[in-house]
Enquirer: 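Let me begin by handing over the structure; questions about it come next.
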Protein chains: 2
Amino acid sequence: MAKIKDVAKLAGVSPACVSLALNGKPYVSAKTKKRIYNAIEQLNYRPNIIARSLRNKKTHTIGLVLSDITNPFFPEIARGVETKAREYGFNVILCNTDADPLLEKNYIEVLLAKQVDGLILTSVRIMDDLDKYTKENCPLVFINRKPPLSDFDFVGIDNVASAKMAVEHLIKLGHRKIALIRGEPASWASFSRYEGYRMALKEAGIPYSDNLVKIGYLRYESGYRAMESLLKGSPIPTAIFCANDIMALGAIDACVDRKVKVPQDLAIVGFDDIWVASLKNVQLTTVHQPRYEMGAKAVELMVERIIGKRKKTKRVILPTKLVIRRTCGANFKISRGKWPNL
Amino acid sequence: MAKIKDVAKLAGVSPACVSLALNGKPYVSAKTKKRIYNAIEQLNYRPNIIARSLRNKKTHTIGLVLSDITNPFFPEIARGVETKAREYGFNVILCNTDADPLLEKNYIEVLLAKQVDGLILTSVRIMDDLDKYTKENCPLVFINRKPPLSDFDFVGIDNVASAKMAVEHLIKLGHRKIALIRGEPASWASFSRYEGYRMALKEAGIPYSDNLVKIGYLRYESGYRAMESLLKGSPIPTAIFCANDIMALGAIDACVDRKVKVPQDLAIVGFDDIWVASLKNVQLTTVHQPRYEMGAKAVELMVERIIGKRKKTKRVILPTKLVIRRTCGANFKISRGKWPNL
DNA sequence: TTGTACGCGTTATCAA
DNA sequence: TTGATAACGCGTACAA
C-alpha cells in the first residue's frame, strides 16, 4: 500500500504538502495540487485513517450498544443512528449485549480503548456504575433508558403518559378488567409503563389487582406464557396491555391456541409499533414509537458534544401516538367468519 | 487519560516493559508485573488501541456491508457476524447501503482506509469492479451474493435447488398454474431462484409463462403490487412462489384486501423464514435459510484468512429446508370460519 | 512549501 | 533472565 511519502516523492513535494492538499487547507497552489492528485491516482493512494486518528485524537467512529439487533425493536434505531452518523462522517460499531451488564461493560471498555468519539447506549437493563464515564472525553447518549445519576444526554419518549394513553383507550372502550403484561422490573421503561397503567386505572376509579399483572421479559415466549397464566387465573381480564409488541404477539398466539378470540373475547394493545403490527392478518393496536428518529436524534446530540457546541446535558422526549387497529376491538364491527382470510 | 508512559513512571519501569507485561510476553518478572498492574489500576490506564493498531497493522475491526438492517432478512446475519466476531476479538462496523452500488463503494473505501481487517459483503446488488480489491491485504467474504470473477470466499445457500424444492412442493399439492414473484434481475440470488422455479416447472412438464412471473424488489410493497397485478392478469394462478418472505406477506395482504382466501383460493410460499412467518396468524410456508449461521461462518472464513491459515478460496453452501405451514395449503383441512382468530 | 516534532504503543537491539 | 533505549508505524501541525 502506498503511503503519503510515496505520493510526495512522485509529486516532487513534501509529505506535509500532500497532507495539506488532501485536507483542503489553503496555501497549496493549484499546480502542485494537480500534481499531487495525479500521484495519488497513480499510486492508488488511500490515507491511513488509523494514523490520522492517532494524531487528531478523533476516530470518527461511534459505538452503538444495544440488547439484540434481532429484536424487532432495534433495527430502526440502528438505522437511524447509522444514517445520521454517515451524514456527519462517522462509522458505527454495532454491539449486542443481550442485556447482560457484564457484556455491556466489556463492550464499553473496548470501545473507549478504541477511542470512539461517542457512545450510544440503548440496552435494556440498568448498569449502575456508568457514572465513572462522565470524566472520559467521550460523550454518552442514552436512548430510552434511564441515565444514571450524573446527567448524560438522553433521547426517549414519555413512557408513563404513553402507557396511560393506551390503557385509557381500553377503558374508554368499556373495559374494567384490564391486565398488564409488563417488562422486567429492572427496566426503567418497563417500570414507567407500569406506572402509566396504574395511573390510568386510578384515574378511572378501577381497583388495581396484582393478579392482573404478569411480568414478561419483553420476548415473544414471555408474552405467550403470561397470557396462558392470565387465562388460567382469576379474574379473567377482558383486555390486556402489553409492554411491547412482541409480547403482545405472543399473547395473541396463546389466545389462538386456546381458541380465545381477539378482539371479540379479549382486546389486546401493544407497545412499539413494530412493522409486523401493521400486517393485515395481525393488525395490532399499539403505541407508536419513533425509533428511527430516536436513533437519528441521539447522533445529533452526540455530535453537538463532540464538536463542543454544547456543554449542558439535554433530554429529548419524542412524541408517541396510539395506532388503533383491530386487536383492541375499537373498529370491530364484523360478524364471525366475515374476515376473508384466517 | 493516562498513557503507558505514566504507568511506566509510576511503576518505576520503562514503557516497553509495561507493554511486554500487558501483552503477556515473557521476560517480565512477577514482581515488576505486580507493580505494573497496580500502577495500571491506580491510573485507570486503558491502552490506546489506535496507537497499537498503527504499529501492529491490525485493527481487530471488520466491516459488515448490507442493504438495510431494517429488512428482516439481515438482523440475524448481523447477529451471527457480531457474535462470532466477538468470540475472535473483533468489532463490527455496520454499513447500510440500500443496495446502492455507489454507497457501497464509498463504504468499502472508507473501511479500507480505516484499515479494517476484513470485510463481509451482503448487499443485494452486484457491483462489478470489486476485483481490484483482490490485491488489498483485506479479505472479503460474500454472503449469498455472487462473488466477482476473482475468487473471494463465499457463504450462501443453493438458491436454485431451494427454489426448486419450494415449487416442487406446490406441484405435488396439485398446482399447475404457479406464479412467481421474483426479485430484481440484477440480484444473483433472485435470478437463481427464478432458475429453480423454471427448472421445477420444466421437470414437471408444466409450460412456462411470462404472464405468471412478476418482478418485485424484495419489499412488502412490491409483493403487494405484484399480487394485484397477478389477480388482474390471465391466467389467474392457483399458487404463488415469492422470492422472499416480505414480498409473500405483501402478496397475502393484497389477497386479504381483495377477499382472496389463502390458502383456499391461492397457495403461497415464501423464502427466508423470517420470524414473522411463524406467527399463528401468519403461518407462512417458506424456505428456511440459516441466516445466523451464514453470518457466523462468514466470520470464520474471514478469520482463517486474517491469520493466514488458508490461502485457497472457499465456498460454503449451507443447507436450507422447506418449512410447511398454513399458506401452502398442505395441512389445510378446515372449514371456513373454523379459525379461532381473525 | 518544508522540516520536524508529535500522537502512543510495540518491537528490535542492546546492556546489565 | 530482565529491563532500558530507540526506532518505528503514518499522517498532521507548527515553526520556519
Side-chain angles (χ1 to χ4, degrees), chain A residues 1-37 39-40 43-61 89 109-110 112-117 136-138, chain B residues 1-37 39-40 43-61 89 109-110 112-117 136-138:
Chain A
M1 244 343 13
K3 326 179 219 190
I4 202 168
K5 254 193 200 168
D6 306 316
V7 174
K9 202 175 293 174
L10 185 59
V13 293
S14 70
C17 192
V18 176
S19 176
L20 292 177
L22 264 176
N23 295 301
K25 302 271 169 77
Y27 305 126
V28 183
S29 77
K31 271 179 220 163
T32 45
K33 249 185 209 165
K34 199 149 288 175
R35 283 217 313 284
I36 289 170
Y37 287 133
I40 287 174
L43 296 173
N44 222 321
Y45 171 69
R46 190 186 294 126
N48 181 328
I49 295 190
I50 294 297
R52 179 183 291 172
S53 297
L54 178 59
R55 178 72 224 218
N56 290 348
K57 294 171 170 293
K58 288 256 168 335
T59 54
H60 290 276
T61 302
E109 286 293 330
V110 169
L112 290 174
K114 286 206 169 175
Q115 315 294 117
V116 292
D117 294 337
E136 309 279 343
N137 60 342
C138 171
Chain B
M1 242 346 8
K3 325 181 218 190
I4 202 169
K5 252 192 202 170
D6 306 316
V7 175
K9 202 175 293 174
L10 185 60
V13 294
S14 71
C17 192
V18 176
S19 176
L20 292 177
L22 264 175
N23 296 302
K25 301 273 171 74
Y27 306 127
V28 182
S29 73
K31 274 180 218 162
T32 46
K33 249 185 207 165
K34 199 148 286 176
R35 283 216 313 285
I36 288 171
Y37 288 133
I40 286 175
L43 296 172
N44 222 319
Y45 171 68
R46 191 187 293 127
N48 181 329
I49 295 191
I50 294 297
R52 179 184 292 171
S53 297
L54 178 59
R55 177 72 222 215
N56 290 348
K57 293 171 172 293
K58 288 255 169 335
T59 54
H60 290 276
T61 302
E109 286 294 329
V110 169
L112 290 174
K114 285 205 170 175
Q115 315 293 119
V116 292
D117 294 337
E136 309 279 343
N137 59 342
C138 171

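Computed from heavy atoms alone, side chains included, the values below leave out hydrogens, waters and symmetry copies. Naming convention: chains lettered A, B, ... in sequence-line order (proteins, then strands); numbering from 1 in each chain.
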Enquirer: Measure the distance from CD1 on A:Ile50 to P on D:dT12 and round it to the nearest whole Å.
Expert: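 Taking atom P of D:dT12 as the reference, CD1 of A:Ile50 is at 13 Å.
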Enquirer: Side chain of B:Ala16 only, heavy atoms from C-beta on: which candidate in C:dT2, C:dA12, C:dT1 is closest?
Expert: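 Between C:dT2, C:dA12, C:dT1, the one nearest the side chain of B:Ala16 would be C:dA12.
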Enquirer: In terms of side-chain heavy atoms of A:Lys3, which of D:dA4, D:dC10, C:dG9 is nearest?
Expert: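 Looking only at heavy atoms from C-beta outward on A:Lys3, the closest nucleotide is D:dC10.
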Enquirer: Does the side chain of A:Cys17 come within less than 4.5 Å of A:Val28's, by heavy atoms?
Expert: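 A side-chain contact exists here, since the closest heavy-atom pair is under 4.5 Å.
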Enquirer: When we call it a touch if two heavy atoms are under 4.0 Å apart, what does B:Leu22 touch: a base, just sugar-phosphate, or nothing?
Expert: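 Counting heavy atoms under 4.0 Å across all strands, no contact is made by B:Leu22.
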Enquirer: Answer yes or no: is there a side-chain heavy-atom contact under 4.5 Å between B:Glu136 and B:Leu112?
Expert: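 With C-beta onward as the side chain, the pair touches.
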Enquirer: Just the rounded figure in Å: distance from P of C:dA12 to CG of B:Leu20.
Expert: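 Result: 11 Å.
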Enquirer: How many Å lie between CZ on B:Arg46 and P on C:dG7, as a whole number?
Expert: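 That distance rounds to 20 Å.
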Enquirer: So, is B:Thr32 near the phosphate of D:dT2, with a side-chain N or O under 4.0 Å from OP1 or OP2?
Expert: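 So the side chain of B:Thr32 is outside the cut-off, no N or O lying under 4.0 Å from OP1 or OP2 of D:dT2.
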Enquirer: Toward the 5' end of DNA chain D, which comes first, A:Ile49 or B:Arg35, by nearest nucleotide?
Expert: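 Result of the comparison: B:Arg35.
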Enquirer: What's the closest nucleotide to the B:Ser14 side chain, out of D:dT5, C:dT1, C:dT2?
Expert: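 Among the listed nucleotides, the one closest to the side chain of B:Ser14 is D:dT5.
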Enquirer: Please pick, from C:dT1, C:dC8, D:dT12, the nucleotide with the shortest atom-to-atom distance to any side-chain atom of B:Asn48.
Expert: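 Nearest nucleotide to the side chain: C:dC8.
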Enquirer: Do B:Leu10 and B:Asp6 come close enough that some side-chain heavy atom pair is under 4.5 Å?
Expert: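 Not in contact.
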Enquirer: Counting C-beta onward and ignoring hydrogens, is there a side-chain heavy-atom pair between B:Val110 and A:His60 closer than 4.5 Å?
Expert: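 Result no, sub-4.5 Å side-chain heavy-atom pair not found.
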Enquirer: A:Met1 or B:Pro15: which one's nearest nucleotide on DNA chain D is closer to the 5' end?
Expert: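 Checking each residue's closest nucleotide, the 5'-ward one belongs to B:Pro15.
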Enquirer: Would you mind reading off the distance between B:Ile36 atom CD1 and D:dT2 atom C1', rounded to a whole angstrom?
Expert: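 Distance check: B:Ile36 CD1 to D:dT2 C1' gives 11 Å.
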Enquirer: With a 4.5 Å cut-off on side-chain heavy atoms, are A:Val13 and A:Arg35 touching?
Expert: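 Result yes, sub-4.5 Å side-chain heavy-atom pair found.
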Enquirer: Just checking B:Val18: base, sugar-phosphate only, or nothing, at a heavy-atom cut-off of under 4.0 Å?
Expert: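 No contact.
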Enquirer: Using atom CD1 of B:Ile4 as one end and atom P of D:dG3 as the other, report the distance to the nearest whole Å.
Expert: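 Nearest whole value for this atom pair: 15 Å.
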Enquirer: From the set C:dG9, D:dA6, D:dG11, return the single nucleotide nearest to any side-chain atom of A:Pro47.
Expert: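 Of the candidates, D:dG11 comes closest.
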Enquirer: Which listed nucleotide (D:dG11, C:dG9, C:dG3) is nearest to the side chain of A:Arg52?
Expert: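 The nucleotide sitting nearest to the side chain is D:dG11.
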Enquirer: Can you find a side chain N or O atom of A:Ser29 that sits less than 4.0 Å from OP1 or OP2 on C:dT1?
Expert: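 For C:dT1, OP1 or OP2 has a side-chain N or O of A:Ser29 closer than 4.0 Å.
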Enquirer: Rounded to the nearest 0.5 Å, how far apart are CD1 of A:Ile49 and NZ of A:Lys58?
Expert: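 Taking CD1 in A:Ile49 and NZ in A:Lys58, the distance rounds to 15.0 Å.
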Enquirer: Looking at side-chain heavy atoms only, is the closest gap between B:Asn48 and A:Leu54 below 4.5 Å?
Expert: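 A side-chain contact under 4.5 Å exists here.
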Enquirer: Output the single nucleotide from D:dG11, C:dT1, C:dG9 whose closest atom is nearest the side chain of A:Ala51.
Expert: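 Looking only at side-chain atoms, A:Ala51 lies closest to D:dG11.
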Enquirer: Between C:dT10, C:dT11, D:dG11, which one does the side chain of B:Lys25 approach most closely?
Expert: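 Of C:dT10, C:dT11, D:dG11, C:dT11 is nearest to the side chain of B:Lys25.
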Enquirer: Tell me: OH of B:Tyr27 to P of C:dA12, nearest whole Å?
Expert: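 B:Tyr27 atom OH is separated from C:dA12 atom P by 13 Å.
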Enquirer: Whole-Å distance between C:dT2 P and A:Lys9 NZ?
Expert: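 Going from NZ in A:Lys9 over to P in C:dT2 covers 14 Å.
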Enquirer: Go through residues 53-61 of chain B and report each residue with a non-hydrogen atom lying under 4.0 Å from DNA chain D, sorted by number.
Expert: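 Residues of residues 53-61 of chain B under 4.0 Å from DNA chain D: B:Leu54, B:Arg55, B:Lys57.
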Enquirer: Hey, does B:Val7 have a side-chain heavy atom less than 4.5 Å from the side chain of B:Leu22?
Expert: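 SC-SC contact between B:Leu22 and B:Val7 ruled out.
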